[in-house]
Amino acid sequence: MPDTLRHILASESALTSITVRGWVRTRRDSKACSFIEITDGSCFKGLQIVVDAILPCSSLMPSILTGASIEVDGDLIPSPAAGQKWELQAKEVRLLGEADATYPLQKKGHTPEFLRTIAHLRPRTNLFSNVFRARSRMSFAIHRFFQEKGFFNVHTPVITSSDCEGAGELFRVTTLKQGSNAKPEDDFFGRPTYLTVSGQLQGETFACALGNIYTFGPTFRAENSNTARHAAEFWMIEPEMAFYDLDADMTLAEENVRYLAAAMIQECPEELEFFSKFVDKNLVSRLQQTIDQPFQRISYTDAVDLLLKSGRQFEHAVVWGEGLQTEHERYIAEEHVKGPVTIFNYPKGIKPFYMRQNDDGKTVAAMDLLVPGIGEIIGGSQREERLDVLTAAMQHHGLSEADYQWYVDLRRYGSVPHAGYGMGFERLLMFVTGVSNIRDVIPFARTPGHAPY
RNA sequence: UCCUGAGUAGCUCAGCGGUAGAGCGGGUGGCUGUUAACCACUAGGUCGUAGGUUCGAACCCUACCUCAGGAGCCA
């Protein structure tokens with residue numbers, strides 16, 4: 001198996017007769033030799049290769065431009081010059097794949113906006129290779145967090161016939177020809193189907209069987225949202241726990257965020273160094289604060305009070321019973337608390353049917369975890385486990401019980417208190433990398449009018 | 001979807017009514033154990049698209065397209 005640069009650069013001693021492969025970042029020629037820097041994606045750092053001009057293969061140099069792929073045999077030796085610990089003294093250089101002058105990535109900074117237009121090449125850049133290495137490690141850390149707690153991973157369906165009410169517009173899945181008069185009964189599944197907006201309802205069925213479960217998969221929203229925080233296809237982590245109340249739900253969510261902040265610091269040191277240097281100077285202190293400080297909790301009612309008493313002129317009025325606007329959430333997270341904060345017990349009128357009604361008759365056991373800079377990163381609730389209250393709520397929301405018969409059955413047979421939440425994976429990545437646009441933390445972003453790959 | 005701003009060389013941008021510019025990248029030559037090297041020369045553009053105003057438009061006006069920032073919706 002070919003060795004990676006990550007492994008080679010970590011070597012404790014010089015190595016003779018090794019072979020390296022990678023993509024050329026830059027080449028500099030001098031009279032006696034050429035310097036080539038290659039990366040192979042295994043780590044942020046590259047390897048400097050020195051090719052003496054007397055070697056026959058030095059005739060290849062003019063075709064070794066930025067972006068080309070090469071394979072080099074040589075010896076790993078301590079570098080006599082400053083800038084790197086090791087370098088490879090080449091014996092033989094082979095050009096694997098040429099890259100001519102049209103290669104779009106140059107030896108200079110590019111804007112993320114330009115790099116989005118070449119999403120197939122951007123993982124080769126410093127920024128995006130770091131982002132996607134971090135994404136992979138964070139993904140693994142999420143599984144580890146839940147697996148260590150004994151949670152089971154459940155693969156909920158991508159194609160569903162149920163709308164997780166309130167979660168937004170759906171993408172229709174159909175094999176019917178456009179414009180045909182065929183009825184839904186004639187469609188592939190014999191009924192209208194959609195790409196899932198959430199695995200929650202199916203997740204609840206498994207929580208009411210296996211106890212503690214989580215899902216981690218893609219979800220889809222056909223909303224015409226054009227912001228740096230929304231994508232039409234995004235990944236969501238949705239734990240669902242039997243016998244949890246809202247308080248336990250919030251505690252798990254806080255622990256979850258704290259664990260991932262710590263994982264970023266411990267498992268992505270090179271990436272973190274890059275992000276805090278070039279993307280977000282406050283990143284390390286923000287992560288450290290997330291780990292060290294207890295998260296605050298504020299009830300929705302108290303949040304409305306503190307907004308009203310803040311003396312702030314908000315563009316949108318603060319009114320009990322209406323949703324908190326972005327500016328309100330930002331004020332609470334960034335100026336009042338100055339850190340992550342959970343807001344709980346929202347008015348029932350602005351929340352979906354499945355959230356558990358509180359005894360006050362006005363609020364439901366819902367919570368949103370807000371972080372500075374991004375806003376809502378987690379939304380969750382204790383679920384309504386009482387059959388009569390749930391069916392009344394469904395009726396109130398204009399939902400037919402027949403469509404949700406299986407969901408209602410969970411309350412009919414051995415119903416238990418349970419709770420869960422959804423965490424947007426990309427929003428989490430924005431939080432732990434400092435990258436400010438969701439399109440830049442997902443490999444191929446899907447946004448309105450944009451799915452070119 | 002709404003509000004604001006921007007589209008000029010492969011990339012980053014300057015030019016804002018009178019012959020289309022720079023840096024980087026490419027080519028050629030020079031220099032150098034170089035570090036997104038350096039020096040000189042050189043190639044490269046229907047100024048987002050379509051109309052309009054004007055003797056003359058990259059520049060002013062209109063529409064459209066695209067992108068960005070903010071808002072709504074949410075994760």
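Throughout, a chain's letter reflects where its sequence line sits, starting with A, and its residues are numbered from 1.
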> Please tabulate, for side-chain N and O atoms in residues 340-348 of chain A, each donor-acceptor pair with protein atoms closer than 3.5 Å (sequence neighbours left out).
unit_1 : atom_1 : unit_2 : atom_2 : d
A/N345 : OD1    : A/N358 : ND2    : 3.0
A/Y346 : OH     : A/D368 : OD2    : 3.3
A/K348 : NZ     : A/G361 : O      : 3.4

> In whole Å, I'd like the distance from the CZ atom of A/F314 to the C1' atom of B/A71.
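These atoms are roughly 15 Å apart.
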> Which residues in residues 7-39 of chain A have a heavy atom closer than 4.0 Å to any atom of RNA chain B?
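Contacts with RNA chain B under 4.0 Å: A/T26, A/R28, A/D29, A/S30, A/K31, A/F35.
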> What parts of residues 40-55 of chain A reach RNA chain B, counting only heavy atoms under 4.0 Å away?
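Heavy-atom contacts with RNA chain B come from A/Q48, A/V50.
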> To the side chain of A/L65, which of B/G27, B/A71, B/A75 is closest?
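Of all the options, the side chain of A/L65 is nearest to B/G27.
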> Under the rule for salt bridge (charged side-chain N to carboxylate O under 4.0 Å, His left out), what residues qualify as partners of A/K45, not counting sequence neighbours?
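Counting only residues at least two positions away or on another chain, A/K45 forms a salt bridge (charged side-chain N to carboxylate O under 4.0 Å, His left out) with A/E270.
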> Between A/R221 and A/E169, is there a salt bridge with N-O shorter than 4.0 Å?
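Not counted as a salt bridge, because no side-chain N and carboxylate O are separated by less than 4.0 Å.
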> Suppose we screen for side chain to side chain contact (heavy atoms under 4.5 Å, CB included). Which residues come up paired with A/A68, at least two apart in sequence or across chains?
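Side chain to side chain contact (heavy atoms under 4.5 Å, CB included) list for A/A68, sorted by chain: A/V24, A/L95, A/A99.
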> Just how far, in rounded Å, is C1' of B/G72 from CG of A/L324?
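For the pair A/L324 CG and B/G72 C1', the rounded distance is 14 Å.
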> Could you give the distance separating B/G15 and B/C47 at their C1' atoms, to the nearest angstrom?
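Approximately 11 Å lies between the C1' atom of B/C47 and that of B/G15.
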> Using only modelled atom types and a 3.5 angstrom limit, is any donor from either the side chain of A/H230 or the base of B/C74 paired with an acceptor on the other?
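Checked by distance alone, the answer is yes.
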> Say you draw a straight line from CG of A/D40 to CG of A/L5; how long is it, rounded to the nearest 0.5 Å?
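Between A/D40 CG and A/L5 CG, I get 3.5 Å after rounding to 0.5 Å.
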> Could you pull out the protein-nucleic contacts involving nucleotides 43-49 of chain B (nitrogen or oxygen on both sides, under 3.5 Å)?
none

> Verify whether one side chain among A/E37 and A/T26 offers a donor that lies under 3.5 Å from an acceptor in the other.
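Not at all, the side chains of A/E37 and A/T26 share no donor-acceptor pair under 3.5 Å.
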> Please output the side-chain donor-acceptor pairs of residues 12-20 of chain A that fall under 3.5 Å, not counting sequence neighbours, one pair per line with the distance.
unit_1 : atom_1 : unit_2 : atom_2 : d
A/S17  : OG     : A/K91  : NZ     : 3.2
A/T19  : OG1    : A/D73  : OD1    : 2.8

> Which nucleotide wins on minimum distance to the side chain of A/A228, given the candidates B/A68, B/A75, B/G70?
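Of the candidates, B/G70 comes closest.
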> For nucleotides 1-7 of chain B, which of its nitrogen or oxygen atoms have a protein nitrogen or oxygen under 3.5 Å away, and what is each distance?
unit_1 : atom_1 : unit_2 : atom_2 : d
B/U1   : OP1    : A/N224 : ND2    : 2.7
B/U1   : O4     : A/N226 : N      : 3.4
B/U1   : O4     : A/N226 : ND2    : 2.7

> Name the pairing partner of B/G69, where a pair is Watson-Crick or G-U wobble with both distances under 3.5 Å, or state none.
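Per the H-bond distance test, B/C3.
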> Do NZ/NE/NH1/NH2 and the carboxylate oxygens of A/E255 and A/K149 come within less than 4.0 Å?
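Salt bridge present between A/E255 and A/K149.
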> Indicate the ring-plane relationship of A/F146 and A/Y421, choosing parallel, tilted or perpendicular according to the 30° and 60° boundaries.
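Plane angle between 30° and 60°, so tilted.
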> Are the aromatic ring centres of A/F353 and A/Y404 under 6.0 angstrom apart?
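Yes.
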> Would you call A/E204 and A/Y407 a side-chain contact if the rule is heavy atoms closer than 4.5 Å?
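A side-chain contact under 4.5 Å exists here.
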> Short of 4.0 Å, heavy atom to strand atom, which residues of residues 77-94 of chain A count as contacting RNA chain B?
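Of all residues in residues 77-94 of chain A, the ones placing a heavy atom under 4.0 Å from RNA chain B are A/S79, A/P80, A/A81, A/A82, A/Q84, A/E87.
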> For B/C41, which nucleotide in any strand shown is its Watson-Crick or wobble partner with both distances under 3.5 Å?
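Result: B/G27.
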> Taking A/R229 first and then A/E426, would you say they form a salt bridge - that is, a charged N and a carboxylate O separated by under 4.0 Å?
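Result for this pair is no, no salt bridge flagged.
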> Sticking with atom C1', work out how far B/C61 lies from B/U53, rounded to a whole angstrom.
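Their C1' atoms lie roughly 7 Å apart.
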> Looking at A/R133 and A/E267, is any side-chain nitrogen of the basic one under 4.0 Å from a carboxylate oxygen of the acidic one?
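No, no charged N to carboxylate O under 4.0 Å.
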> Which ring-ring contact (aromatic ring centres under 6.0 Å, His included) pairs, counting each pair once, include a residue from residues 43-88 of chain A, with sequence neighbours left out?
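Every pair satisfying ring-ring contact (aromatic ring centres under 6.0 Å, His included) with a residue in residues 43-88 of chain A: A/F44-A/F274.
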> Quote, to the nearest angstrom, the C1' distance that separates B/C41 from B/G5.
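Pairwise C1' distance, B/C41 against B/G5, rounds to 40 Å.
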> Could you identify which residues of residues 423-430 of chain A place a heavy atom less than 4.0 Å from some atom of RNA chain B, listed by residue number, or say none?
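Hits under 4.0 Å, by residue number: A/G424, A/R427.
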> Give the rounded distance in Å between these two atoms: CD1 of A/I118 and P of B/U66.
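Result: 20 Å.
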> Tabulated below should be each protein N or O lying under 3.5 Å from an N or O of nucleotides 22-25 of chain B; please produce it.
unit_1 : atom_1 : unit_2 : atom_2 : d
B/G23  : N2     : A/K108 : NZ     : 3.2

